[in-house]
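Step one of this worksheet: look at the structure below.
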Amino acid sequence: MRRFVVNLFIFGLLIILGLAGIECVSRNSSNLYSEKSRYIQNHGKDIETLFMGSSVTFWGVSPAVWTLDDAFNVAFNSHDISMNYHIFKASIDKMPHLKRVILEMSYFSLFDCPADKDYNPRWIFLGTDFGTDKYSLFSRYGLQIFYPDEVRTKLLPWVISPIAADSLGHSMMPVLAVRKPDWKENTLIATVQTASDWRWLETNYREYAALLDLCCLHSVKVILYIPPVSRRFLDFVSEAQEKEMLRRVEMLRQQYGVAVINLFRDTTFTDNDFADLMHLNTDVGAAHLTMKLQECVEQLEKNDIDIK
């Protein structure tokens, strides 16, 4: 019995040491979160424009094309407004010269289920890499080994390709050349963006307001932009949801004085700009959107008027 207990102790100790080793290696291996956090840490004093949002902004806005000032894209795939709020809160002190935040308000942004309503391991890297304080480091969000899919990507990059971004945080894929010929037939990405109910509307609206409050506190201008979608996507848009989105945007504009750039139905964006029905490709489409945003911002700040 004594030998069994000793062996069990040794076995348990080896497992703990092994997991600790994996955690240590993972934390010292780069991924998209650590790279963006490190850039802000090292170059935050140079950032004057910050792009924030979900995959729509991560794919669709290229700071390398932006020539107005030094810009950075801190958007991530599958990120909601709460995640953006906590990234900004944890990072703003590292960006003393930040002038403006260009914040995505997509068709789905106010209606999606918040990422923290169910266990979402993406919060782990926001805590371990960005230092966000939504969850304690002693919770299930405190260890990277609780996100095994991402840890495998970090430890075995030659087997599982990590998501890659350029030095300014913009996604490097997908480009127009790799788009599937039948991309217009994949309509699921459009249909799921219309909410079956609006139960999360008020929650998401409050999160937008909280981020705008935080920006006001730090004297940072906010520009809400509604990104373009393909003409095929528009076939699946709910008139009621679009109308409510625009009504809430107007409420934020009136309350906070934020500028609004609405490109949702902009006909200058053609099929060649898109990777799928909702996302722009990272070369042609991203260049188009970035230049369009810069043109609007320059007009806005030159004339001190709203862009709608």
Side-chain angles (χ1 to χ4, degrees), residues 49-58 60-61 74-89 100-117 120 134 189-218 220-230 233-267 269 277-280 289 292-293 296-297 300 304-308:
T49 297
L50 190 68
F51 299 102
M52 304 193 75
S54 68
S55 56
V56 173
T57 297
F58 178 44
V61 179
V74 75
F76 292 91
N77 290 340
S78 302
H79 271 213
D80 64 10
I81 185 59
S82 179
M83 290 176 162
N84 283 289
Y85 168 83
H86 284 278
I87 288 173
F88 186 84
K89 181 181 177 184
R100 67 183 71 84
V101 166
I102 299 182
L103 178 63
E104 173 193 329
M105 172 71 84
S106 283
Y107 171 70
F108 56 83
S109 298
L110 287 168
F111 304 89
D112 264 3
C113 175
D116 60 349
K117 292 305 173 184
N120 189 323
K134 184 175 178 67
I189 196 170
T191 58
V192 298
Q193 306 309 327
T194 295
S196 58
D197 61 66
W198 294 359
R199 72 176 72 180
W200 306 116
L201 174 60
E202 297 300 335
T203 298
N204 290 322
Y205 181 80
R206 286 194 297 269
E207 291 283 0
Y208 268 96
L211 179 51
L212 296 183
D213 280 330
L214 193 57
C215 289
C216 289
L217 182 64
H218 291 276
V220 175
K221 293 182 180 179
V222 178
I223 298 168
L224 284 176
Y225 90 98
I226 305 174
V229 294
S230 69
F233 184 101
L234 293 173
D235 293 338
F236 302 94
V237 166
S238 159
E239 181 181 351
Q241 183 169 317
E242 181 183 2
K243 184 177 180 180
E244 182 63 18
M245 172 188 69
L246 295 175
R247 188 177 79 86
R248 295 296 178 131
V249 166
E250 178 62 17
M251 288 170 61
L252 292 172
R253 189 186 70 82
Q254 290 187 12
Q255 182 176 354
Y256 293 95
V258 298
V260 178
I261 301 173
N262 184 357
L263 303 174
F264 189 61
R265 293 179 176 272
D266 191 313
T267 57
F269 290 87
L277 298 190
M278 182 176 72
H279 295 90
L280 296 165
L289 175 58
K292 184 79 170 182
L293 288 174
C296 290
V297 170
L300 166 70
D304 194 26
I305 59 173
D306 197 5
I307 304 291
K308 292 196 295 180

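In this text the structure is predicted, and so the values were computed from the model without any measurement.
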key: Heavy-atom donor-acceptor pair, Ser106 side chain to Ser109 backbone, under 3.5 Å   = no
request  = Show the numbers, then the answer: is there a side-chain contact (heavy atoms from CB on, under 4.5 Å) between Val192 and Phe108?
outcome  = CA-CA 9 Å; Val192 298; Phe108 56 83; over 6 Å; no
task = Would you check if Val101 and Phe88 make a side-chain contact, meaning some heavy-atom pair closer than 4.5 Å?
result = yes
ask   = Is there a side-chain contact between Phe233 and Gln193, using heavy atoms and a 4.5 Å cut-off?
value = yes
key: Ile87 side chain near His79 side chain, heavy-atom distance below 4.5 Å   = yes
query = For the atom pair CZ (Phe111) and OG (Ser196), what is the distance rounded to the nearest 0.5 Å?
reply = 12.0 Å
request  = State whether the number of non-hydrogen atoms from other residues, nucleotides or ligands found under 6.0 Å of Glu239 atom CD is greater than 12.
outcome  = no
message = Within the 4.5 Å heavy-atom criterion, are Asp112 and Trp200 side-chain neighbours or not?
response = no
message = Any salt bridge linking Arg247 with Glu250? Criterion: basic side-chain nitrogen under 4.0 Å from a carboxylate oxygen.
response = no
request  = Verify salt bridge (Lys or Arg N to Asp or Glu O under 4.0 Å) between Arg265 and Glu242, making sure each step is shown before the conclusion.
outcome  = CA-CA 11 Å; Arg265 293 179 176 272; Glu242 181 183 2; 2.9 Å; yes
request  = To the nearest 0.5 Å, tell me how far His86 NE2 sits from Leu214 CG.
outcome  = 10.0 Å
query = Should Leu224 and Leu252 count as side-chain neighbours, where that means a heavy-atom distance under 4.5 Å?
reply = yes
query = Can you tell me if Asn84 uses its side chain to pair, donor with acceptor, with the backbone of Gly53 under 3.5 Å?
reply = yes
ask   = When rounded to the nearest 0.5 angstrom, what distance separates CD in Glu104 from CZ in Phe58?
value = 12.5 Å
message = Check whether Ser54 reaches the backbone of Val56 with its side chain - one donor and one acceptor, N or O, closer than 3.5 Å.
response = yes
inquiry  = Nearest 0.5 angstrom please: Leu110 CG to Thr203 OG1, how far?
reply    = 11.0 Å
request  = Could you check if a side-chain atom of Val229 sits within less than 4.5 angstrom of a side-chain atom of His279, using non-hydrogen atoms only?
outcome  = no
ask   = Okay, side chain of Ser230, backbone of Leu277: is any donor-acceptor separation there less than 3.5 Å?
value = yes
request  = Compare every heavy atom of Ala240 with every heavy atom of Trp198, then report the nearest pair and how far apart it is.
outcome  = CH2-O, 3.6 Å
Main-chain N/O of Val237 paired with Gln241 side-chain donor or acceptor, under 3.5 Å = no
task = Give the ring-plane orientation class for Phe264 versus Tyr107, where under 30° counts as parallel, over 60° as perpendicular and anything between as tilted.
result = parallel
Pair Tyr256-Asp213, side-chain donor/acceptor within less than 3.5 Å = yes
Steps toward side-chain contact (heavy atoms from CB on, under 4.5 Å) verdict (Leu246, Asn262) = CA-CA 9 Å; Leu246 295 175; Asn262 184 357; 3.5 Å; yes
query = Closest approach of Thr57 and Met52, non-hydrogen atoms and distance?
reply = OG1-O, 3.9 Å
request  = Supply the atom-to-atom distance Leu293 CG to Ile223 CD1, rounded to the nearest 0.5 angstrom.
outcome  = 8.5 Å
ask   = How far does CZ of Phe51 sit from OG1 of Thr49, to the nearest 0.5 angstrom?
value = 6.0 Å
query = Given the rule in the side-chain contact (heavy atoms from CB on, under 4.5 Å) test, do Gln255 and Leu212 qualify, once you have shown the distances and angles that lead to the verdict?
reply = CA-CA 10 Å; Gln255 182 176 354; Leu212 296 183; over 6 Å; no
ask   = Are any of the side-chain heavy atoms of Leu289 and Tyr225 separated by less than 4.5 Å?
value = yes
Glu207 vs Pro114 side-chain heavy atoms within contact, under 4.5 Å = no
